[in-house]
Amino acid sequence: MGKQALAALRERQTSIKTGAGVQACSLMFFMLFSWILESMPDLSRITEREKLKSRAGDEPHWQRLRQGCYVGFRPSKKGKRGTWFARVYNADTKRNSRKSLGDYGKLEGHDVFNQAKADTELWADTVECGGERTPDMVTVKDACEAYAKERHCPIQEGILRRHVYSDAIAKVRLDKLRRHHLRSWRKRLEQAPALVSRNKKGVKRWKERAKSTVNRDMVPLRAALGQVLKPGAPNTDAAWQEALRPFKGADRRRELYLDKEERKRLIDAMRDDARPFVQGLCMLPLRPGALAALTVRDFDKRTRTLTIGKDKNGNPRQITVPPVIADFFAEQVKSKLPAAPIFARVGGEPWNKDAWKYPIKEAVNAARLPSAVAAYTLRHCVLTDLIRAGLPILTVAQLSGTSVAMIEKHYGHLVRDDAEEALASIAI
């Protein structure tokens, strides 16, 4: 029937000279297309798949999902599970793209077709929007390097370097990645001790990795994979995302707070080269790394603005500072080149976490402050003071480079306390 239909179509094509001929040809095309669709197998039916035979050239049996998008199945010649395929028309190349989806060995029954259909449609969306994975992105490491290159976040790059690139997970192919790979990686991450500090002789001290630390260390890998992989079906080995779910309730609110007098004692106890950097931490709600990354060109003395270009979220922002803080920054940038760091060590290098923690720890001991005080403690103190001063949470979030949700989560109780005091003051 198929050969007869094609032959009739060719005859009609040679005789299209009148409107009737065009109409007849259109009808023939419609009939042929309808016949092709009817002749396609219904791959969702298990019994129908089991009856399929291997085709010449190992061509899969295709089922149309929508225009330009097909899911395919190739029966195994050895009696094993067949292989699934996706086929999508690429408008850019004007050709069909094909991708092997594997045999879904962990799935049974109708779940096999449902997963193949979902994978095909997701891949079709990716191809059609021009976001198809590049051919050189093969392994987990490739995906993480592409993500790191796009984000340019030193913190996340450091996490990937320490916990992914040096781990066996880095060499796993993306098309072979399963939940058990990431479960094993997560277990190794949880069991890896966290570095607390080291003294000047190089002796390291370690502690058990906290759940909140595990949550933070999983973020860049989860984000990198999320850009190139679709979430697998729940409770299957293809559900890679389930292995990277964060611990609930792991993030604890910072409780350690230094009042202004204690912060003044800390600044006075700092050695000369580190004192301006710590004083800057006590003035602005910036992350220590963001403050350390500031260069002379980031400060505009005329408009009293600071451009925060290197921060956790990767989005540059500007903040306007009051005259007292502007005068402090003007003193720090005096006689320095535009590319020079505003806060520098004795040798001219910018501060980093391995450099600032030693002088801070020494000053903490000298000022007889709690031993847990660190650079981030000062950011917490400034944020607390800003909330206590009645500054809107949105403004605090914009100044600090974080989200309103995070400010509400960690500092919302301060607003509630102030609200209770305000209500108490008007009670009759």
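Both backbone and side-chain heavy atoms feed into the values below; hydrogens, waters and symmetry mates do not. Predicted, not measured: the structure shown is a model, and the values here were computed from it.
With contacts defined as side-chain heavy-atom distances shorter than 4.5 Å, the pair Val164/Trp185 qualifies. Under the 4.5 Å side-chain criterion, counting only non-hydrogen atoms from C-beta, His61 is not in contact with Arg74. At a threshold of 4.5 Å between non-hydrogen side-chain atoms, the residues Leu391 and Leu399 count as touching. Taking the side chain as every heavy atom from C-beta outward, Arg209 and Asp217 approach each other to under 4.5 Å. Taking 4.5 Å as the limit, some side-chain heavy atom of Val88 sits within range of a side-chain heavy atom of Trp123. A heavy-atom distance below 4.5 Å is found between the side chains of Ile407 and Ile387. At a threshold of 4.5 Å between non-hydrogen side-chain atoms, the residues Glu349 and Pro341 do not count as touching. Contact of the Asn90 side chain with the Arg95 side chain is not registered, since no non-hydrogen atoms from C-beta on lie closer than 4.5 Å.
Within 6.0 Å of CD on Glu261 lie more than 12 heavy atoms contributed by other residues, nucleotides or ligands. More than 12 heavy atoms of other shown residues, nucleotides or ligands fall within 6.0 angstrom of atom CZ in Arg188. In this structure, His110 places its NE2 atom where only 12 or fewer heavy-atom neighbours from other residues, nucleotides or ligands lie under 6.0 Å away.
Legend: residues meeting ring pair (Phe, Tyr, Trp, His ring centres under 6.0 Å) with Trp356, ordered by chain and number and at least two apart, are Phe277. For Thr236, the side-chain hydrogen bond (donor to acceptor under 3.5 Å, both in side chains) criterion is met by no residue, not counting sequence neighbours. Partners of Asp385 according to the side-chain hydrogen bond (donor to acceptor under 3.5 Å, both in side chains) rule, which considers only residues two or more places apart in sequence or in another chain, are Tyr257, Arg263. For Asp111, there are no side-chain hydrogen bond (donor to acceptor under 3.5 Å, both in side chains) partners two or more places apart in sequence or in a different chain. Not counting sequence neighbours, the partners of Phe299 by the ring pair (Phe, Tyr, Trp, His ring centres under 6.0 Å) test are Phe329. With sequence neighbours excluded, the residues that form a ring pair (Phe, Tyr, Trp, His ring centres under 6.0 Å) with Phe73 are Trp84.
Formation of a donor-acceptor pair under 3.5 Å by the Glu262 side chain with backbone atoms of Asp259 is found in this model. In this structure a side-chain-to-backbone donor-acceptor pair under 3.5 Å is present from Arg275 to Met270. In this structure a side-chain-to-backbone donor-acceptor pair under 3.5 Å is present from Thr384 to His380. A donor-acceptor pair under 3.5 Å links the side-chain atoms of Ser166 to the main chain of Arg162, judged by distance alone. A donor-acceptor distance shorter than 3.5 angstrom exists from the side chain of Glu242 to the backbone of Asn235, with no hydrogens or angles considered. Between the side chain of Arg186 and the backbone N or O of Ala243 there is at least one donor-acceptor pair closer than 3.5 Å.
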As a quick check of understanding, evaluate side-chain contact (heavy atoms from CB on, under 4.5 Å) for Thr395 and Ile393, giving each step before the final call.
CA-CA 5 Å; Thr395 304; Ile393 287 182; over 6 Å; no
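For the pair Ala375 and Leu281, the tightest heavy-atom approach, listed with the atom from each and the gap, is CB-CD1, 4.1 Å.
Salt-bridge check for Lys357 with Glu362: failed, with every basic side-chain N at 4.0 Å or more from each acidic carboxylate O.
By the 6.0 Å and 45° rule, Arg304 does not stack over the aromatic ring of Phe328.
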